[in-house]
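Before any comments, here is the structure.
Keep in mind that this is a model prediction, so the values were computed, not measured.
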Amino acid sequence: MSTGSIQARAEGWLGNNDVRLLVALALAIGGLYALFSVVLGFQLNGTVNTLRRVAFLSAIYAMLALALNLQWGYAGLFNLGAAGFMAIGVYTMGILTAPVTASPPGFGLPLPVAIVGAILMTGVIGGLAALPAIRLRADYLAIVTVAFSEIVRLTLRAPEFANTRIAGVAFGTGGATGLSLPSNPIRILFYTDPAATAPAPNALGAAIFSAVEPLGIEQTLVIGWAYVVVLCLCLGLLYWLMIRIGKSPFGRVLKSIREDQQVTQALGKDTRLFKIKTFALGCALMGLIAILWRLSGGYASPRMFKPIQTFYIFIALFIGGTGSPTGSIVGGALFASLLFEGPSFIRRVVAEYLQLSNAPDTLVGALAQLGTLDVTPLLAYSVQDVSISALRLMLLGIVLVYLMQRHPDGLLGHRKAIASSVDLSQQATQEDDNE
């Protein structure tokens, strides 16, 4: 058996066991944060809450990376306006569900109807935004989409739309104050009247709450973990959908457009129509994922949808590798757990065990002591609460530079997505084996 045959079989085995890879990654991340919790002396409730937050963010960023991978990884559409389309989905849902008598008012629709309406609205706006922009090359498309995202964000925070009336219909975005959203819908599984101030648990809620109460686990934590389970189910469904799209004739056309659009056009495919469909579908998914993200908190604000949010999603996608659905999940989980949440826990561990004090007020003052080989001022400055955001951005920059130099395809970007309906490499391997 040739070396190429062995390598092909090994890659095939890995491709058929991606679920094992994802489960192993989840266990590794969970074990790491359980260790963090032990080091910091958390009680069981704090440990479980830490794991819940990491799992929540990992699922959200994995889904966002999958949606962006459909546009960038499959079709080569450089969409830097992801945050704007996320905002459209969340605010559309919030306006549709807000009571007519609320301030700002809404349309008072049921949550499921509002979610469907928000998905459709985000998809339609995404398709319309793609009409003029789809003629542009990747770099110009990026400029247009990031500008569109900022237009959306500034419109949502504008006082003129905080509480307005158009064509006799009253609605509002809440302006810079933000918009209240429906309460966590998963609460209906545990309470008879989830909207009540002090809701009474139903039979299921009473049984679960009484079982975890001796462990010191709060009811809100149980509800939070139930929501994480729902997110993981949504993640699994989206993962399956992306794989199906990638293997479908539609997905094969997208990959051919990414590789060489002119050749695809020469084969009789309307590449513009395929791009518009892909852009609209990706934006609709981003709107839905943003709804799942913000429903857990019951609140949305324009500051949550700054361009940095799009940058986070791209980092997650680059870590895992563009074009790979499994890589999108791996990248989203690693970004959320290590790069987004990691600096906060590192700060707490350092502050707990090094007992640093007298931190310099500026970075220049912290770096000035390095000439004497004293790193204590720099550590003291870095572990301050106000420095975590800057530390996170520095870490993201370092990781991005390293990836571009050492692993430009990401961790799983080396996998080749077959664009034809028949895997010719496997066919060649079988011929080698027969010989």
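When side chains are defined from C-beta on, F305 does not count as touching V152, because their heavy atoms never get closer than 4.5 Å. Side-chain atoms of M93 and L111, non-hydrogen and from C-beta on, do get closer than 4.5 Å to each other. Between W72 and R258 there is no side-chain heavy-atom pair separated by less than 4.5 Å. L281 is listed as a side-chain neighbour of L70, based on a closest heavy-atom distance under 4.5 Å. The closest side-chain heavy-atom distance from I313 to M86 is below 4.5 Å. In this structure, the side chains of P104 and T173 stay at 4.5 Å or more apart for every pair of heavy atoms. Considering only heavy atoms from C-beta on, V90 stays 4.5 Å or farther from M304 through its side chain. Counting only heavy atoms from C-beta outward, the side chains of K247 and R252 never approach each other to under 4.5 Å.
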- [ ] Go through L238 and L285 one step at a time and tell me if the side chain to side chain contact (heavy atoms under 4.5 Å, CB included) criterion holds.
- [x] CA-CA 9 Å; L238 183 59; L285 290 175; 3.9 Å; yes

TODO: Would you please test F314 and F78 for side chain to side chain contact (heavy atoms under 4.5 Å, CB included) and show each step?
DONE: CA-CA 10 Å; F314 266 101; F78 199 7; 3.4 Å; yes

TODO: Give the intermediate values and the outcome of side chain to side chain contact (heavy atoms under 4.5 Å, CB included) for residues Y312 and L339.
DONE: CA-CA 10 Å; Y312 288 160; L339 299 181; over 6 Å; no

TODO: Could you walk me through whether M286 and Q71 pass the side chain to side chain contact (heavy atoms under 4.5 Å, CB included) test, one step at a time?
DONE: CA-CA 11 Å; M286 291 174 186; Q71 297 175 335; 3.4 Å; yes

Open item on the list: Evaluate T264 against T271 for side-chain hydrogen bond (donor to acceptor under 3.5 Å, both in side chains), listing each step before the verdict.
Closed with: CA-CA 7 Å; T264 309; T271 57; over 6 Å; no

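Between atom OH of residue Y33 and atom CG of residue L40 there is a gap of 11.0 Å, rounded to the nearest 0.5 Å. Rounding to the nearest 0.5 angstrom, the gap separating the CG atom in L96 from the CZ atom in F107 is 6.5 Å. Between the OG atom of S337 and the CZ atom of R53 there is a distance of 12.0 Å, given to the nearest 0.5 Å. With rounding to the nearest 0.5 angstrom, the CG atom of L109 is 11.5 Å from the CD1 atom of I95. Between Q43 atom CD and N45 atom CG the span is 9.0 Å, to the nearest 0.5 Å. Rounding to the nearest 0.5 Å gives a distance of 5.0 Å between CD1 of I29 and OG of S58.
Residue-environment remark: CD1 (I188) stays at or below the threshold of 12 foreign heavy atoms within 6.0 Å. By the neighbour-count criterion of 12 heavy atoms within 6.0 Å, atom CD of Q265 is densely surrounded, having more than that number from other residues, nucleotides or ligands.
Screening residues 238-291 for ring pair (Phe, Tyr, Trp, His ring centres under 6.0 Å), with sequence neighbours left out, gives F85-F279, F250-F274.
Listed here is the closest heavy atom pair of N202 and L189: ND2-O, 3.1 Å. Scanning both residues, V263 and D260, for their nearest heavy atoms gives N-OD1, 3.3 Å. The heavy-atom pair separating L51 from G30 by the smallest distance is CD2-O, 3.5 Å. Contact record, G89 with A118: O-CB, 3.4 Å, taken as the closest heavy-atom pair. The two residues N69 and P325 have their closest heavy-atom pair at ND2-N, 4.2 Å. Of all the heavy atoms in I319 and L403, the pair that sits closest is CG1-CD1, 3.7 Å.
For the side-chain contact (heavy atoms from CB on, under 4.5 Å) criterion with T326, the lone passing option out of V19, L21, L66 is L21.
In this structure, R165 contributes its side chain and F171 its backbone to no donor-acceptor pair below 3.5 Å. A distance-only check finds a donor-acceptor pair linking the side chain of R294 to the backbone of Y299 [under 3.5 Å]. The backbone N or O of G251 lies less than 3.5 Å from a partner atom in the side chain of S248, making a donor-acceptor pair. The main-chain N or O of G321 is never found under 3.5 Å from a side-chain atom of S324 such that the two would form a donor-acceptor pair. The closest donor-acceptor contact from the side chain of K269 to the backbone of V253 lies at 3.5 Å or more, if one exists at all. The main-chain N or O of A200 is never found under 3.5 Å from a side-chain atom of D193 such that the two would form a donor-acceptor pair. Under the 3.5 Å distance criterion, the side-chain polar atoms of T145 are matched with a main-chain donor or acceptor of L80. No donor-acceptor pair under 3.5 Å is formed between the side chain of T122 and the backbone N or O of A284. The backbone N or O of V146 sits nowhere less than 3.5 Å from a side-chain atom of S149 that would complete a donor-acceptor pair. Remark: side-chain polar atoms of Y61 are not paired, donor with acceptor, to backbone N or O of L334 under 3.5 angstrom.
Ring geometry, F36 versus F345: the interplanar angle falls under 30°, so the pair is classed parallel (tilted spans 30 to 60°). Note on ring orientation: taking the six-membered ring where Trp is involved, the planes of F190 and F209 are parallel (angle under 30°, cut-offs 30° and 60°).
Both cation-pi conditions hold for R392 and F340: the charged atom is under 6.0 angstrom from the six-membered ring centre and inside a 45 degree cone around its axis.
Scanning for salt bridge (charged side-chain N to carboxylate O under 4.0 Å, His left out) contacts around R157 gives an empty result, with sequence neighbours left out.
The closest side-chain donor-acceptor pair between R52 and N49 falls under 3.5 angstrom.
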